[in-house]
Amino acid sequence: DYSLGEADPEVREIITKEKERQFKSLELIASENFTSRAVMEAVGSCLTNKYSEGLPGKRYYGGNEYIDELETLCQKRALAAFNLDENKWGVNVQPLSGSPANFEVYTAILKPHDRIMGLDLPHGGHLSHGFMTPKRRVSGTSIYFESMPYRLDESTGLVDYDMLEKTAILFRPKLIIAGASAYPRDFDYPRMRQIADAVGALLMMDMAHISGLVAASVVADPFKYCDVVTTTTHKSLRGPRGGMIFFKKDPVLGVELESAINNAVFPGLQASYLQGGPHNHTIGGLAVCLKHAQSPEFKVYQNKVVSNCRALASRLVELGYKLVSGGSDNHLVLVDLRPMGIDGARVEKILDMASITLNKNSVPGDKSALVPGGIRIGSPAMTTRGFSEKEFVAIADFIHEGVEITLEAKKLVQGSKLQDFMNFVTSPNFSLMNNVAD
Ligand code: PLP
């Protein structure tokens, strides 16, 4: 029984380098965080050795008495962390991540070709909410279900609820999905509930990005209005990589959510290869994270995530940046760089060179997803590292410097032979396929 360093120095070294990268850079990707040593200990434990298909007390393998104890504890803590009454809400803690959790909900409550409406990907939604383009059904969700994404009002950067309502009345979706990957504001759950009720749809919230903020009650509570709530566990919640599905225990529109969702997780999506046997090491880590999520310290942390993000947003506005929706109520800001004359892809690259890690992001009105006009900046990870508002103001200044350097570089290219080369290769007569067999 060797340690990693003894058994495999090559992998050990890669992990050491990655650790150094994580600790020496400014980690601003809104969907990332640093989980605790205690969570990592559970994730790196013997729990990884055990198969346990089924639910506590109803397994397809023997030897699960402690795994049953663990999963039941994890479920209890999940409900307690989100202040849910065990008689009214249930939870499945087995989804391997956020995307399978979402597909498990769809499989549970929809038939093939039933209609769904989620926020459009270029406007901040997630791929798994039914993304498609006029030419192509991109996500599996849009292949198996009929998807009609709703969008933001481009003049305000806020969800266009009036348009959502009008479209829902015509499209008659069976499921409306709230939640996003790049939306700096809260969703208007009462309004979405009213729209769902008007058209006879179920309402789901994918709170992946903000579940830590929800647990600490620093943003609106989706559980008051939604029938189903899904989440990843590794973003603002700061747990191991995984997913959870919360469901109402009473039937909704004739659907028994509890049995439908549990059956979709297993055997449903196991049989279609999205879900494997439960990852008990993840469930162990998640239980640890959910205990912490009930502590006063966690609430203080989540409040700081929000105040740090506001400090970052205000400084960026002071520096002349345009933010989608004008600011932020949560853990992320979305900067529209187009008025600066630069795109998010180039700025991401330059900042990467300075060990500032964030991501390029589409902003409303963008034409290209590969060279989008914005960047997304999140506060959870650096808040975990102990940063306060003062440091987030400094981060805004660093980013500004990165943008200025990118603009300089762009100017240098424009006045150089490189620009002649660019003009040549992008001219209609030039083909990169010349002399290449295809
Ligand atoms: N839902 C939302 C809103 C997300 O932002 C993400 C990931 O970024 C997911 C689901 C999917 O999570 P995973 O990548 O863990 O499947």
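All ligand and atom numbering here is 1-based and tracks the order in the structure.
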- prompt: Under 6.0 Å from the six-membered ring centre of Phe34 and within 45° of its axis: does the NZ or CZ of Arg385 meet both?
  reply: yes

- prompt: Can you find a heavy atom in the side chain of Val363 that is under 4.5 Å from one in the side chain of Asn361?
  reply: no

Write out each pair where an N or O from ligand 1 and one from the protein are under 3.5 Å apart, with the distance.
unit_1: ligand 1; atom_1: 1 (N); unit_2: Asp206; atom_2: OD1; d: 3.4
unit_1: ligand 1; atom_1: 1 (N); unit_2: Asp206; atom_2: OD2; d: 2.5
unit_1: ligand 1; atom_1: 5 (O); unit_2: Ser181; atom_2: OG; d: 2.7
unit_1: ligand 1; atom_1: 5 (O); unit_2: His209; atom_2: NE2; d: 3.4
unit_1: ligand 1; atom_1: 8 (O); unit_2: Lys235; atom_2: NZ; d: 3.1
unit_1: ligand 1; atom_1: 15 (O); unit_2: Ser97; atom_2: OG; d: 2.4
unit_1: ligand 1; atom_1: 15 (O); unit_2: Gly98; atom_2: N; d: 3.3
unit_1: ligand 1; atom_1: 16 (O); unit_2: Ser97; atom_2: OG; d: 3.4
unit_1: ligand 1; atom_1: 16 (O); unit_2: Gly98; atom_2: N; d: 3.3
unit_1: ligand 1; atom_1: 16 (O); unit_2: Ser99; atom_2: N; d: 2.9
unit_1: ligand 1; atom_1: 16 (O); unit_2: Ser99; atom_2: OG; d: 2.8

query: Is it true that Tyr106 and Tyr144 have ring centroids separated by less than 6.0 Å?
result: no

query: Are Tyr183 and His209 close enough, and set up right, to give a side-chain hydrogen bond (donor to acceptor under 3.5 Å, both in side chains), and what steps lead you there?
result: CA-CA 9 Å; Tyr183 188 57; His209 262 260; over 6 Å; no

- prompt: Does a donor on one side chain and an acceptor on the other come within less than 3.5 Å for Asn308 and Ser379?
  reply: no

Test side-chain hydrogen bond (donor to acceptor under 3.5 Å, both in side chains) applied to Gln22 and Glu18, Glu20, Lys24, the passing residue: Glu18

